[in-house]
Every structure is written in structure tokens, then in C-alpha cells.
Amino acid sequence: MQTLAEGLRLPTNGLDYAILAIYFVVVLGIGFMARASVKTSLDFFLSGRSLPAWVTGLAFVAANLGATEILGMAATGAQYGVAVVHWYWIGAIPAMVFLGLVMMPFYYRSKVRSVPEFLLQRFDKSAHLLSSVLFAFAAILIAGVNLYALSIVVEALLGWPQWVAIVVAGLFVLVYITIGGLSSAIYNEVLQFFVILAALIPITVLGLKRVGGWGEMSDQLTQQHGGDFMTAWGGTGIGDANPLGANWLTIILGLGFVLSFGYWTTNFAEVQRALSAKNLSAAKRTPLIAAFPKIFIVFAVMIPGLVAAVIVPQIGTADSDLTYNDAIPLLMQELLPNGVLGIAVTGLLAAFMAGMAANVSSFNTVFTTDIWQRYVVKDKPDTYYLRFGRLITAIGVLASIGTAFIAASFSNIMSYLQTLFSFFNVPMFVVFIIGMFWKRASMKSGVWGLVAGTAAAMINYFWIYKGGIIDIPSDQGANFVSAIVGFVAGAVVMVVVTLFTAPKPEAELAGLVYGTESPSPDEALEEADKAWYRKPALLGWGAIVLAAACYIPYSF
């Protein structure tokens with residue numbers, strides 16, 4: 001298994017460990033306090049649909065701000081430069097707005113407990129079962145990435161053996177989710193959001209100071225890597241070479257549309273936070289509230305990566321023992337005094353637990369409600385499924401320990417994550433988007449769209465790209481192309497299958513397809529407060545305009 005460089009051991013002392021211990025005590029305390037609210041399976045899996053929008057909004061962004069996001073995006077900044085902003089301003093914000101304004105009403109009004117359950121209502125059992133299995137498998141793989149990220153960091157920085165880091169942190173996640181369910185995970189994610197920022201902001205500020213400010217850093221990186229390294233769109237013309245290895249078309253279609261919408265609108269680890277909101281208005285505002293901090297988080301992960309590329313110009317190459325994933329730990333060692341160092345280490349552990357908890361909590365919901373309760377053990381009392389949900393949580397944590405070793409073969413863990421998203425999230429997105437906007441899409445088209453999209457993305461990546469049939473300059477570029485191929489294949493197959501199979505009766509599509517009304521609209525789901533800052537449309541357009549404005553200084 002690949003590890004961080006041995007020279008990155010941090011000079012931690014008692015103060016740093018005290019800060020870490022206090023954080024763990026608070027995390028467990030939140031779990032035990034949340035236990036009092038868990039009386040039914042709905043409480044365990046969706047917090048009884050009772051949480052306010054500001055809580056679910058912060059949890060929404062924190063669930064994505066895992067160790068893989070921090071280490072992976074800093075690694076992407078060190079490897080590809082300012083182009084990392086694409087993952088935020090075009091690869092997140094528009095999709096988050098679309099989820100809030102367009103898709104959340106379908107999810108929330110249908111009263112589904114998971115994203116795959118929506119496919120059961122729109123298509124049939126085969127689409128539902130396949131999507132449930134694919135999502136459960138992907139959730140464990142992604143949770144394993146968080147475990148791997150944590151173990152390599154803790155082993156190198158604190159000197160803990162890798163297995164100790166995995167067991168200790170995995171145990172804490174297991175305890176507070178098993179005890180308090182989703183409420184415990186969400187309230188801890190709100191805490192973790194602020195702890196993560198407290199770790200990243202000093203690294204960013206001190207890193208810029210170390211290299212002489214943005215201007216000096218930009219001059220050095222431009223001299224080392226060329227002018228396109230410090231621009232978002234420079235060199236992305238079709239046929240041009242650039243650090244990212246992708247042109248403007250694959251960035252917009254592959255990342256900005258297919259991968260982005262596929263992740264943010266169908267990934268249950270995120271959508272689950274919005275489904276736990278107290279009403280439809282709060283559910284719609286959840287991803288929109290999350291979009292505003294998401295716009296600015298890019299600076300806290302991109303700048304450390306750029307600073308690391310200045311401090312160690314050979315980072316990620318054969319001339320250095322440092323991989324791109326070492327960017328954040330390198331700066332922690334170089335810049336932070338004790339005390340602040342303890343906060344930074346705590347922030348990394350918080351990021352790991354936020355990412356892993358999000359995937360484990362979504363895994364236990366899908367496995368229990370969509371697979372076990374629906375197809376294996378039916379019609380049991382609610383208390384049975386509550387107990388089983390806690391059991392499968394433990395199994396999910398153990399399984400993620402095994403999948404952590406798969407991530408070891410990737411020097412940039414964000415490339416690995418994007419590969420998983422192109423395999424699993426993109427095919428689900430094409431089925432959702434066609435099913436939501438085309439009434440004629442037949443019941444059988446859903447499952448075949450999933451099969452075709454997943455198979456096409458895998459074939460493109462493993463055979464065409466890895467086999468060298470087509471030369472794609474980078475793993476990220478290959479992920480963008482795989483996403484496009486998976487989307488197109490899934491869409492074409494859905495259309496063809498629809499032409500030869502029966503559609504779902506129109507009476508059963510009410511509230512499931514755009515333009516149709518729910519058969520029994522619940523007015524209580526809508527919030528009466530008409531304050532301008534609670535209007536989802538204004539929040540959504542405000543986020544898009546702000547993200548677009550941020551693009552301007554880094555465009556060319």
C-alpha cells in the first residue's frame with residue numbers, strides 16, 4: 001500500500017493530542033444525545049424528516065467535504081493547477097441548484113426513503129434492485145477511499161500504525177452512527193464543517209505568505225509549468241495541450257453536465273441530507289444553502305496544492321518521494337505550530353469521518369430499505385428493520401476497511417473517485433433525467449439504461465483508455481470521456497428499449513414525471529414564510545451568478 005513520505009512526520013505534542021481527544025469526546029456526546037430521538041426506522045434513516053434547512057444545508061456540504069475532497073482536490077491543484085476550479089464552479093454549483101429547484105420536489109413529495117426507491121416508483125423492480133446494488137457497492141468503495149486517506153495521513157503524521165488509525169477512526173464512526181442514526185451523522189457533520197474550515201484556513205493563509213503571495217506564486221508556477229497552469233480555460237481548445245489533458249467540450253459535457261449532475265442529483269449520500277429536512281421548502285433550500293460555501297471552499301483546497309507545487313517543484317514525479325496526495329500534510333509539517341497543528345490534524349480526521357459517515361449512513365439505508373426489506377425479509381415489525389439497520393452499519397464499516405486497499409493504487413485519490421462516479425452515478429443520472437422528463441420512457445428501459453451506461457463507461461476506461469486504443473492525456477480526461485460515453489450509451493439504449501416495450505400506465509406517473517401533479521399534494525409540505533432569503537429560486541440563481549463571477553479572474 002502506498003503511504004505518505006516518511007519525512008512528513010509531524011512534531012505533535014500533548015496540546016495537539018488534547019485537542020484531538022476533546023473533539024472525539026464531543027463527537028460521541030452528540031451521538032448519545034441523538035439517540036433519544038431514534039424510536040423508529042424513519043428516525044434512524046431520515047431523522048424523522050424533522051431537521052431545519054440550515055442544519056441539512058451545512059451537513060450537505062460537509063458530507064462532500066471529506067478527506068478525499070481535501071487531499072484529492074489539493075492533489076489536483078498541485079497536478080493540474082487552477083483548472084481545479086472547474087470541479088466547483090461548473091462541476092458542482094449548477095447541479096446543486098438543479099437538484100434543489102427541479103429534483104427535490106419529486107424526491108420529497110413521493111415520500112421515498114432513498115434515491116433507488118424513486119426508480120421503483122418510476123420504472124419497475126428490476127431497475128430498483130439493480131440501482132440499489134450498484135449504489136450500495138459504490139458507497140462502500142467510496143467509504144473505503146476515506147479510510148485509506150485517513151490511514152496514510154495518520155500513519156505518516158502521527159506515527160500510528162495504519163491498522164490502528166483505521167480501527168480507531170472506524171470505531172468512532174460506527175459508534176455514533178449506530179447509536180444516533182442519521183441525526184447523529186448530520187449534527188456531527190455540522191460540527192465537522194467548522195472544524196475542517198478551522199484546519200484549512202490557517203494552511204491557506206500561511207502557505208500564501210510562505211511563497212510571497214499570489215503574484216509571486218503565480219509567477220513561479222507559470223515559469224515551471226507554462227501559462228496555462230494558472231488559468232482555468234487557457235489551452236483548452238480542441239487539439240490543444242494543457243495540464244488537465246481535457247478540452248473545453250469534455251470539461252463542459254463530461255464534468256459540467258454528466259459527472260456533475262450525475263453525482264449531485266442521484267448520489268444518496270448527499271440527497272439523504274435533503275430528504276431529512278422538515279418540509280419541502282427546507283428540502284429544496286438544503287442544496288442551495290450548501291452551494292454558497294461550496295463556491296469559496298475551492299480556495300482552501302486549491303491554494304495549498306499550488307503552494308506545495310512551489311515548495312517542492314518535483315512533487316508527484318519520479319524525482320521526488322512525495323505524491324500529489326502529500327500536498328496538505330507537507331504544508332502542515334512546514335507551516336503550523338503546535339496547537340494549530342492539533343486543530344489541523346483534528347480537521348483532517350473530521351473530514352474523514354464526515355465523508356465516511358455520509359457513505360455509511362446512505363449505505364445502511366439503501367441496503368436495509370431497498371434490498372433487505374423489499375426483497376429478502378418482508379413484512380417484519382419496524383423494530384426489526386431498526387435493529388437490522390444498526391447491524392448492517394457495522395458490516396458496512398468492516399467492508400469499507402477491505403475496499404480501502406483498492407484506493408492504494410491511485411497516486412491521486414480524486415482521480416479514483418471520479419472514475420467511480422463515471423461508472424455508477426452517471427448511468428443512474430441518465431435514467432433519472434429521462435424518466436423524469438419523458439413520460440413515454442418504458443418500465444423496462446430503466447434497467448437496460450443502467451446496464452448499458454455502466455458497461456459502456458467501464459469499457460471506455462479499462463479497454464479503450466487503459467488498453468491504449470485511444471490516447472487520452474490524463475486519468476481525469478479519461479474520466480470525462482467515460483462519463484460522456486456512459487451517458488450517451490444509457491440514453492440511446494433507453495430510447496431503443498422504449499420503442500419496443502410497454503410504457504408505465506399514465507395514471508401511475510402522477511408526481512413522478514415533470515408536468516404531472518402529485519395525486520395527493522400535501523400543502524403542509526410547503527412553508528408559508530415568504531421572506532426573500534427563503535425563496536429557493538433566488539438562492540439558486542444567486543449561487544450561479546456568484547460562481548460565474550468567481551470564474552472571471554481565472555479564466556484566461
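When reading the values below, keep in mind they use all heavy atoms of this one structure, side chains included, and skip hydrogens, waters and symmetry mates.
- Classification of the Phe421-Tyr263 ring pair by plane angle, with boundaries at 30° and 60°, yields tilted.
- Other residues, nucleotides and ligands contribute more than 12 heavy atoms inside 6.0 Å of the OH atom of Tyr375.
- Ala483 and Leu259 make their closest contact through CB-CG, 3.5 Å (heavy atoms, listed as atom of the first residue, atom of the second, distance).
- The aromatic rings of Phe363 and Phe367 lie tilted to each other, with the angle between the two planes from 30° to 60°.
- With rounding to the nearest 0.5 Å, the separation of CZ in Arg273 from CG in Leu51 is 10.5 Å.
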Give the C-alpha distance, both sets of side-chain angles, the deciding distance and a yes or no for side-chain contact (heavy atoms from CB on, under 4.5 Å) between Leu546 and Phe296. CA-CA 10 Å; Leu546 188 57; Phe296 301 104; 3.7 Å; yes

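- Counting only heavy atoms from C-beta outward, the side chains of Leu253 and Phe487 never approach each other to under 4.5 Å.
- In this structure, the side chains of Lys294 and Asn64 come closer than 4.5 Å at one or more pairs of heavy atoms.
- Atoms CG and OG1, on Leu119 and Thr266 in that order, are 9.0 Å from each other to the nearest 0.5 Å.
- Once rounded to the nearest 0.5 Å, the distance linking CZ of Arg122 with NZ of Lys439 reads 10.0 Å.
- No donor-acceptor contact under 3.5 angstrom links the side chains of Asn279 and Ser281, judged on distance only.
- Of all heavy-atom pairs between Ser400 and Val397, the closest is OG-O, 2.6 Å.
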Start with the C-alpha distance between Thr369 and Tyr385, add both sets of side-chain angles, then the distance that settles side-chain contact (heavy atoms from CB on, under 4.5 Å), and finish with yes or no. CA-CA 8 Å; Thr369 63; Tyr385 297 110; over 6 Å; no

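- Residues Val431 and Gly449 approach most closely at CG2-C, 4.0 Å, considering heavy atoms.
- Ile328 contributes atom CD1, which lies 7.0 Å from atom CG of Leu71 (distance to the nearest 0.5 angstrom).
- A donor-acceptor contact shorter than 3.5 Å links the side chain of Lys504 to the backbone of Phe123.
- Side-chain contact of Asn364 with Thr393: a donor-acceptor pair under 3.5 Å is present, judged by distance alone.
- Side-chain contact check for Val271 versus Tyr107: some heavy-atom pair is nearer than 4.5 Å.
- Distance alone, capped at 3.5 Å, is enough to place a donor-acceptor pair between the His86 side chain and the Ala232 backbone.
- In this structure a side-chain-to-backbone donor-acceptor pair under 3.5 Å is missing from Tyr23 to Val195.
- Looking only at side-chain heavy atoms (C-beta outward), Pro287 and Val97 stay at 4.5 Å or farther from each other.
- For the ring pair (Phe, Tyr, Trp, His ring centres under 6.0 Å) criterion with Trp264, the lone passing option out of Phe60, Trp87, Phe429 is Phe60.
- Of all heavy-atom pairs between Ala95 and Ser260, the closest is CB-OG, 3.2 Å.
- Between the CE atom of Met428 and the OG1 atom of Thr454 there is a distance of 8.0 Å, given to the nearest 0.5 Å.
- Environment of CZ in Phe137: sparse, with no more than 12 heavy atoms of neighbouring residues, nucleotides or ligands closer than 6.0 Å.
- Within the 4.5 Å cutoff, the side chain of Ile484 has no heavy atoms near those of the Phe257 side chain.
- In terms of modelled atom types and a separation under 3.5 Å, the side chain of Thr56 and the main chain of Ala53 share a donor-acceptor contact.
- In this structure, Asn425 and Phe135 have side chains that are not in contact, with every pair of non-hydrogen atoms separated by 4.5 Å or more.
- Classified by interplanar angle (parallel below 30°, tilted 30° to 60°, perpendicular above 60°), the ring pair Phe118/Phe432 is parallel.
- The two atoms that bring Ala143 and Val360 nearest to each other are CB-CG2, 4.4 Å, heavy atoms only.
- Across every non-hydrogen atom of Leu280 and Pro105, the tightest pair is CD1-CA, 3.8 Å.
- When atom types are taken as modelled, the side chain of Thr498 and the backbone of Ser442 share a donor-acceptor pair closer than 3.5 angstrom.
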Passes ring-ring contact (aromatic ring centres under 6.0 Å, His included), Trp89 versus Phe299? Steps please. CA-CA 11 Å; Trp89 298 335; Phe299 298 111; 5.8 Å; yes

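- In this structure, the separation between CG on Leu130 and CH2 on Trp448 is 10.0 Å, given to the nearest 0.5 Å.
- Panel note: side chain Asn359, backbone Ser362; no donor-acceptor pair is recorded below 3.5 Å.
- In this structure, the side chains of Ile297 and Val61 come closer than 4.5 Å at one or more pairs of heavy atoms.
- Residues Glu117 and Arg374 form a side-chain contact, since some pair of their non-hydrogen atoms from C-beta on lies under 4.5 Å apart.
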Would you check, one step at a time, whether the test side-chain contact (heavy atoms from CB on, under 4.5 Å) holds for Val102 with Met436? CA-CA 10 Å; Val102 178; Met436 278 186 172; 5.8 Å; no

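- Listed for the Ser131 side chain is a donor-acceptor partner under 3.5 Å among the backbone atoms of His128.
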Just do the side-chain contact (heavy atoms from CB on, under 4.5 Å) check on Leu58 and Glu189 with the steps written out, would you? CA-CA 7 Å; Leu58 290 180; Glu189 284 162 1; over 6 Å; no

